[in-house]
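Okay, structure first, notes after.
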Amino acid sequence: MANGLEDVIAAETVLSDVDGLAGRLVVRGMPLDAIAGRWHYEEVLHLLFGGFFDDLQSEVEFPAALASARHEVFALLTPIDPTVAALPAYDAMRALIARLPDGSDLTSALRLVAAPAVILPALIRLQSGKHPVAPAENLSHAADILKMMSGTAADPARVAALDTYLVTVADHGLNASTFAARVVASTQAGLMSSVLAALGALKGPLHGGAPGPVLDMLDAIGTPDNPAPWIAAELARGERLMGFGHRIYRVRDPRADALSAALDRLRKVGQSDAARMTLAANVETMALAALKHHKPDRPLATNVEFYTALLLEALGFPRETFTSVFAIGRTGGWLAHAREQALTGKLIRPKSHYVGPVPKQAA
Ligand code: ACO
């Protein structure tokens, strides 16, 4: 048995390849550094969806189809019931997505991509006593999310930063949430069921729930002067440092580089907090040194969540919503994987090794 299915190959995919030793991510033939900061999320989504839906629009028509899905979802899911809006944003978003029809066609897929992008800004506004803002048909996915959140058109540098983030997290091999999506898809349930399963898996701190706690760590450390004692005390208490370590990467997660480059571009136009960045850089250096000492046999490097936390904070997302923003980007990957799995027609059903009590012999 492979504990945690470590190193087990459980699917063939054309969608993405994670090389943990080289620190390289390829999305359907495109290296991450060729698309992050260069492509819009819609372009990556179109690349991921190709071949999985018969009626997929051309690349030129696709952004308008997604924009109209945002419009449709807003009409379907708002006004939001106050008891749902009062839930933690992630749980409220999941509850609302569960109301969408559970189909396997392109319309269902586009609604599911649109849903978290429309629902999260609405929830953020409702939770601060404001009315939701309807989507706009003429904006990109990233620009519309920021506008629906703030109520006004976003600065192009911020739109570009969010686009970089969504592209960077769009797909990443057979991670826990994507595997959950594929398991459900293998039963021939619909795409909404796959997305719900994936949302459940993404929520945990060992997967998509880490970036909020990264900021808690930076706040607890407070000043850049000397993070080392705080880090040493955490490790001595057996705590994990959020934003470090990965099941596959044995070197720095390439997504951390893509996001730190996006942060740097924001810094150059005065859109990120310079003191926060200095603190983060010091914490990263000290944490890497401490982890090397703490686990000399297990390379533990910076993962995507460390810079996710800083980027999403700079873009004005409340920290308790970071995992929801991750879901906005990753839904594209989940849907493509769910279709890829369903089209194989093969049920995923591994075996377990029984270690429970031996039945007593009948007298
Ligand atoms: N801080 C301190 N110790 C760590 C860390 C860390 N961030 N990560 C791993 N370790 C230690 C573990 O305690 C374990 O030690 P042990 O053998 O003495 O028990 C050893 O390294 C191996 O850890 P595992 O959990 O077995 O390794 P795995 O590959 O399953 O872990 C994981 C990957 C879950 C991401 C882990 O590194 C972790 O918990 N990191 C912190 C949380 C985090 O950043 N999550 C986001 C991941 S990125 C993503 O999913 C999008």
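All values below come from the heavy atoms of this structure, side chains included, with hydrogens, waters and symmetry mates left out. Keep in mind that this is a model prediction, so the values were computed, not measured. Every number for a ligand or one of its atoms is a count from 1 in the order of the listing.
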Legend entry - Those atoms of ligand 1 less than 4.0 Å from some heavy atom in Val304: 51 (C)
Legend entry - Numbered atoms and elements of ligand 1 in range of Met242, under 4.0 angstrom, heavy atoms: 42 (C), 44 (O)
Legend entry - Top protein contact for atom 35 (C) of ligand 1, by heavy-atom distance: Gly245 O, 3.7 Å
Inset, instruction - Could you tell me whether ligand 1 has any atom less than 4.0 Å away from a heavy atom of Gly243? - result: yes
Legend entry - Heavy-atom nearest option to atom 51 (C) of ligand 1, drawn from Phe326, Phe306, Tyr249: Phe326
Legend entry - Backbone of Thr152 reached by a side-chain donor or acceptor of Ser150 within 3.5 Å: yes
Inset, instruction - Using the side chain to side chain donor-acceptor pair (under 3.5 Å) rule, collect all pairs that involve residues 288-310, keeping only residues at least two apart or in two chains. - result: Glu284-Thr302, Glu284-Tyr307
Legend entry - Residue and atom name of the nearest protein heavy atom (relative to atom 40 (N) of ligand 1), distance in Å to one decimal: Phe244 O, 2.9 Å
Legend entry - Distance-minimising heavy-atom pair for Pro318 and Ile124: CD-CD1, 3.8 Å
Inset, instruction - Using heavy-atom distances, let me know which of Asn303, Leu241, Thr302 sits nearest atom 7 (N) of ligand 1. - result: Leu241
Legend entry - For the student: nearest non-hydrogen atoms of Ala338 and Leu191, plus distance: CB-CD2, 3.7 Å
Legend entry - Element-labelled atoms of ligand 1 that are located less than 4.0 Å from some non-hydrogen atom of Leu235: 2 (C)
Inset, instruction - Name the closest protein heavy atom to atom 45 (N) of ligand 1, giving the residue it belongs to and the distance to 0.1 Å. - result: Pro205 O, 3.3 Å
Legend entry - Proximity to ligand 1 by part of Leu206, non-hydrogen separation under 4.0 Å: both
Inset, instruction - Step by step, work out the ring-ring contact (aromatic ring centres under 6.0 Å, His included) result for Phe322 and Phe317. - result: CA-CA 7 Å; Phe322 289 174; Phe317 289 96; 7.5 Å; no
Inset, instruction - With heavy atoms under 4.0 Å as the rule, classify the contact between Arg240 and ligand 1 as side chain, backbone, both or neither. - result: both
Legend entry - ligand 1 contact on Asp253 by region, counting heavy-atom pairs under 4.0 Å: neither
Inset, instruction - With heavy atoms under 4.0 Å as the rule, classify the contact between Ala176 and ligand 1 as side chain, backbone, both or neither. - result: neither
Inset, instruction - Examine Arg339 relative to Phe53 and say whether NZ or CZ is less than 6.0 Å from the centre of the six-membered ring and inside a 45° cone about the ring axis. - result: yes
Legend entry - Min N/O separation Arg298 to ligand 1 under 3.5 Å: yes
Inset, instruction - For ligand 1, find out whether one of its N or O atoms is nearer than 3.5 Å to an N or O atom of Glu305. - result: no
Inset, instruction - Mind checking whether Leu291 contacts ligand 1 via backbone (N, CA, C, O), side chain (CB onward), both or neither, at a 4.0 Å heavy-atom cut-off? - result: side chain
Inset, instruction - Identify, by atom number and element, the atoms of ligand 1 in contact range of Ala210, meaning under 4.0 Å from any of its heavy atoms. - result: 43 (C), 44 (O), 45 (N), 46 (C)
Legend entry - Remaining members of hydrophobic cluster (4.5 Å side-chain criterion), Val8: Leu5, Leu174, Phe179, Val183, Ile348
Inset, instruction - Say whether, by atom type as modelled, one donor and one acceptor occur between the side chain of Ser104 and the main chain of Gly190 under 3.5 angstrom. - result: no
Inset, instruction - Measure across Leu25 and Val18 and return the closest heavy-atom pair with its distance rounded to 0.1 Å. - result: CD1-CG2, 4.1 Å
Legend entry - Single hit among Leu315, Asp155, Leu263 for side chain to side chain contact (heavy atoms under 4.5 Å, CB included) with Gln271: Asp155
Legend entry - Asp171 and His337: side chain donor to acceptor below 3.5 Å: yes
Legend entry - Identity and separation of the nearest protein heavy atom to atom 8 (N) of ligand 1: Leu300 CD2, 3.6 Å
Inset, instruction - Pick, from Arg255, Lys295, Glu6, the option with the minimum heavy-atom distance to atom 17 (O) of ligand 1. - result: Lys295
Inset, instruction - Report the relative orientation of the aromatic rings in Phe244 and Phe306; use parallel for angles under 30°, tilted for 30 to 60°, perpendicular for over 60°. - result: tilted
Inset, instruction - Examine the proximity of ligand 1 to Arg247 and report which part, side chain or backbone, both or neither, has a heavy atom under 4.0 Å away. - result: both
Inset, instruction - Answer yes when Lys147 and Asp144 have at least one side-chain N-carboxylate O distance shorter than 4.0 Å, and no when they do not. - result: no
Inset, instruction - Answer yes if a protein heavy atom lies under 4.0 Å from atom 28 (P) of ligand 1, otherwise answer no. - result: yes
Legend entry - Within-shell test, Ile248 vs ligand 1, heavy atom, strictly < 4.0 Å: no
Inset, instruction - Kindly assign one of parallel, tilted or perpendicular to the pair Phe62 and His46, based on the angle between their ring planes and the thresholds 30° and 60°. - result: perpendicular
Legend entry - Check: Gly208 N/O within less than 3.5 Å of ligand 1 N/O: no
Inset, instruction - For ligand 1, find out whether one of its N or O atoms is nearer than 3.5 Å to an N or O atom of His207. - result: yes
